[in-house]
Amino acid sequence: MKVPNFIIGGSSASGTSFLYELLIQHPEVYLPKQRIPEPHYYYKSWEYVKGIKWYLDYYFSDATEDKIAIGERSSSYLYGGREVAQRIAKDFPKMKFIFMLRNPIQRAWANYRFTALQGLETMSFKEALINEKTRIKNTQGIWREIAPYDYTGRGFYAKQLKEFLEFFPKEQILCIKSEVLSNANLAPLTQVYEFLGLKNKGFVPSYAPNYTSLSVVDVKLQKELRTYFGDANFMQLMNSIRKEEVIIDNGEQRERFSQLKNNIKTIKEDIPEGCVEFLQGVFGEDIRLLAKLVDFNVNDWLNPTSESAGGGANRGVDTYTLLVCQNKRLICKLAS
């Protein structure tokens, strides 16, 4: 059986889904056809206890001999830092990692929009930032690992990269600035192809979809509706909204479904006023440290002015991922 030799390991809400959609088209690359939920094998304790044989059988049994790069995408791995890196190094010390890094300020905002869309949020973004540490501390059960309210914690890239570098040489880690990769600019893929050792470095993938979390009108109503429908049904209904399908005949549920549809805006709003300045203070030092670890400029991250400062396609807590997909050929930049 073929075993993995690369991982798209993060960061969440930074374009990992977009990169996955591009790479899976390459004839020399194997990625599991199931995009969501992501494996998160080395991050989630309840997955890790299943053992390496289960992991390999479940995700890589279909990999054929002609594939050069065998990989998976788990956007939680960079966030998992030292513990995840150590687990992977134990099994695959020569593993290669691709980390999509997005302006952590805009990444945090996109992460919040995702959590709100999934009906897991009750606070405004500003309130969530102020209460972040308390909410994380009070989270129980599996939610403590999933950490849906750790909007800033996933953005300390320098700290997380240094922990990975304790177990893997820098030659096995490729960091890409999320904002530069888009359907309009596929040039960074050449660097990815070289990093993965592919023979066909001129392969040009077809248009890849963007995945974006739209804003909700009322976060408390969204959570109420998730409770009303139940987790599984809620996710199914969110998918039907994305596909513009109607799957409810029951009168009362149809009315609540209508509430759900009307509670999702057709846009993704810009980051609220005052939050950029707050997050500049949170991430400033880590961004300056990151500048010494990567080969691209991150100065623009210290002075973001709008939503355009962000990129990326993937979303935070993949166990509950069901994103709104915008497949618009005229919108080429990465969705936020």
Side-chain angles (χ1 to χ4, degrees), residues 10-17 34-38 40 43-44 73-76 79 106-125 127-129 131-132 135-136 138-155 209-245 247-248 253 256-269 271-272 310 312-326 335-336:
S11 179
S12 61
S14 297
T16 61
S17 285
Q34 177 180 294
R35 185 178 64 82
I36 55 175
E38 300 171 21
H40 296 298
Y43 176 80
K44 294 178 178 176
R73 175 185 70 102
S74 291
S75 57
S76 60
Y79 175 58
Q106 293 293 346
R107 196 223 65 81
W109 168 232
N111 199 158
Y112 168 83
R113 291 201 320 272
F114 168 81
T115 302
L117 186 65
Q118 302 310 300
L120 299 172
E121 185 56 87
T122 58
M123 295 184 180
S124 69
F125 185 47
E127 291 171 335
L129 291 176
N131 294 281
E132 186 177 62
R135 298 176 88 191
I136 293 171
N138 292 336
T139 302
Q140 302 295 323
I142 65 169
W143 293 102
R144 182 175 290 276
E145 285 190 38
I146 295 173
Y149 307 125
D150 194 2
Y151 300 124
T152 63
R154 289 175 167 84
N210 291 332
Y211 298 89
T212 185
S213 293
L214 302 178
S215 300
V216 300
V217 177
D218 184 337
V219 293
K220 292 182 179 179
L221 175 60
Q222 194 78 353
K223 185 174 180 63
E224 177 188 323
L225 291 169
R226 181 179 181 121
T227 301
Y228 173 80
F229 286 113
D231 290 347
N233 287 336
F234 180 85
M235 301 314 300
Q236 184 180 5
L237 293 173
M238 290 292 290
N239 193 36
S240 72
I241 291 172
R242 177 177 67 83
K243 295 179 179 179
E244 299 183 350
E245 299 174 343
I247 59 175
I248 289 183
Q253 288 196 348
R256 298 290 268 177
F257 179 61
S258 179
Q259 281 186 297
L260 181 61
K261 289 176 61 179
N262 294 332
N263 200 43
I264 300 173
K265 298 184 179 182
T266 58
I267 60 170
K268 50 194 178 189
E269 296 176 330
I271 188 169
N314 185 32
R315 296 301 174 265
V317 186
D318 190 70
T319 304
Y320 298 90
T321 298
L322 189 33
L323 307 177
V324 178
C325 174
Q326 291 186 327
S336 61

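These numbers come from a predicted model, not from an experiment. Worth knowing before you read on, the calculation uses all heavy atoms, side chains too, and leaves out hydrogens, waters and symmetry mates.
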What's the verdict on side chain to side chain contact (heavy atoms under 4.5 Å, CB included) for Phe257 and Ile241, showing C-alpha distance, side-chain angles and the deciding distance?
CA-CA 9 Å; Phe257 179 61; Ile241 291 172; 3.7 Å; yes
I need the Tyr228 OH to Gln253 CD distance, nearest 0.5 Å.
4.5 Å
I need the Asn263 CG to Arg256 CZ distance, nearest 0.5 Å.
10.5 Å
Identify the two heavy atoms, one from Arg113 and one from Ser215, that lie closest to each other, and give their separation to 0.1 Å.
CD-OG, 3.5 Å
Check for a donor-acceptor pair, side chain of Trp109 on one end and backbone N or O of Glu269 on the other, with a separation under 3.5 Å.
yes
For the atom pair CG (Asn233) and CG (Leu225), what is the distance rounded to the nearest 0.5 Å?
12.5 Å
Start with the C-alpha distance between Glu224 and Asp218, add both sets of side-chain angles, then the distance that settles side chain to side chain contact (heavy atoms under 4.5 Å, CB included), and finish with yes or no.
CA-CA 10 Å; Glu224 177 188 323; Asp218 184 337; over 6 Å; no
Side chains of Gln106 and Ile271 in contact at under 4.5 Å (non-hydrogen atoms)
yes
Who are the side-chain hydrogen bond (donor to acceptor under 3.5 Å, both in side chains) partners of Lys220, not counting sequence neighbours?
none
Taking every non-hydrogen atom, the tightest pair across Ser75 and Thr16:
CB-OG1, 4.0 Å
Quick check: do Phe234 and Leu260 have side-chain heavy atoms less than 4.5 Å from each other?
yes
Determine the minimum heavy-atom distance between Val219 and Ala116, stating which atoms define it.
CG1-CB, 3.8 Å
Quick one: do the Arg154 and Ser11 side chains pair a donor with an acceptor below 3.5 Å?
no
For Glu121, all residues meeting side-chain hydrogen bond (donor to acceptor under 3.5 Å, both in side chains), sequence neighbours excluded:
Arg135, Tyr151
Measure the NZ-OG1 distance between Lys223 and Thr115 for me, rounded to the nearest 0.5 Å.
10.5 Å
As a quick check of understanding, evaluate side chain to side chain contact (heavy atoms under 4.5 Å, CB included) for Ser76 and Glu38, giving each step before the final call.
CA-CA 9 Å; Ser76 60; Glu38 300 171 21; 5.6 Å; no
Tell me whether Glu132 contacts the main-chain N or O of Thr152 through its side chain, where contact means a donor paired with an acceptor under 3.5 Å.
yes
CG on Leu214 to CD1 on Ile264, rounded to 0.5 Å
7.5 Å
Closer than 3.5 angstrom, by distance alone: can the side chain of Thr139 be matched with the main-chain N or O of Arg144 as a donor-acceptor pair?
no
Taking all non-hydrogen atoms of both residues into account, name the closest pair between Ala108 and Phe125 and its distance.
O-CE1, 3.7 Å
Within the distance-only criterion (no hydrogens, no angle test), does the side chain of Arg107 pair as donor or acceptor with the backbone N or O of Ser12 below 3.5 angstrom?
yes
Looking only at heavy atoms, the pair that brings Tyr149 and Leu120 closest together is OH-O, 2.5 Å
Reported CE-to-CD distance for the pair Met238 and Gln118, which is rounded to 0.5 angstrom:
5.5 Å
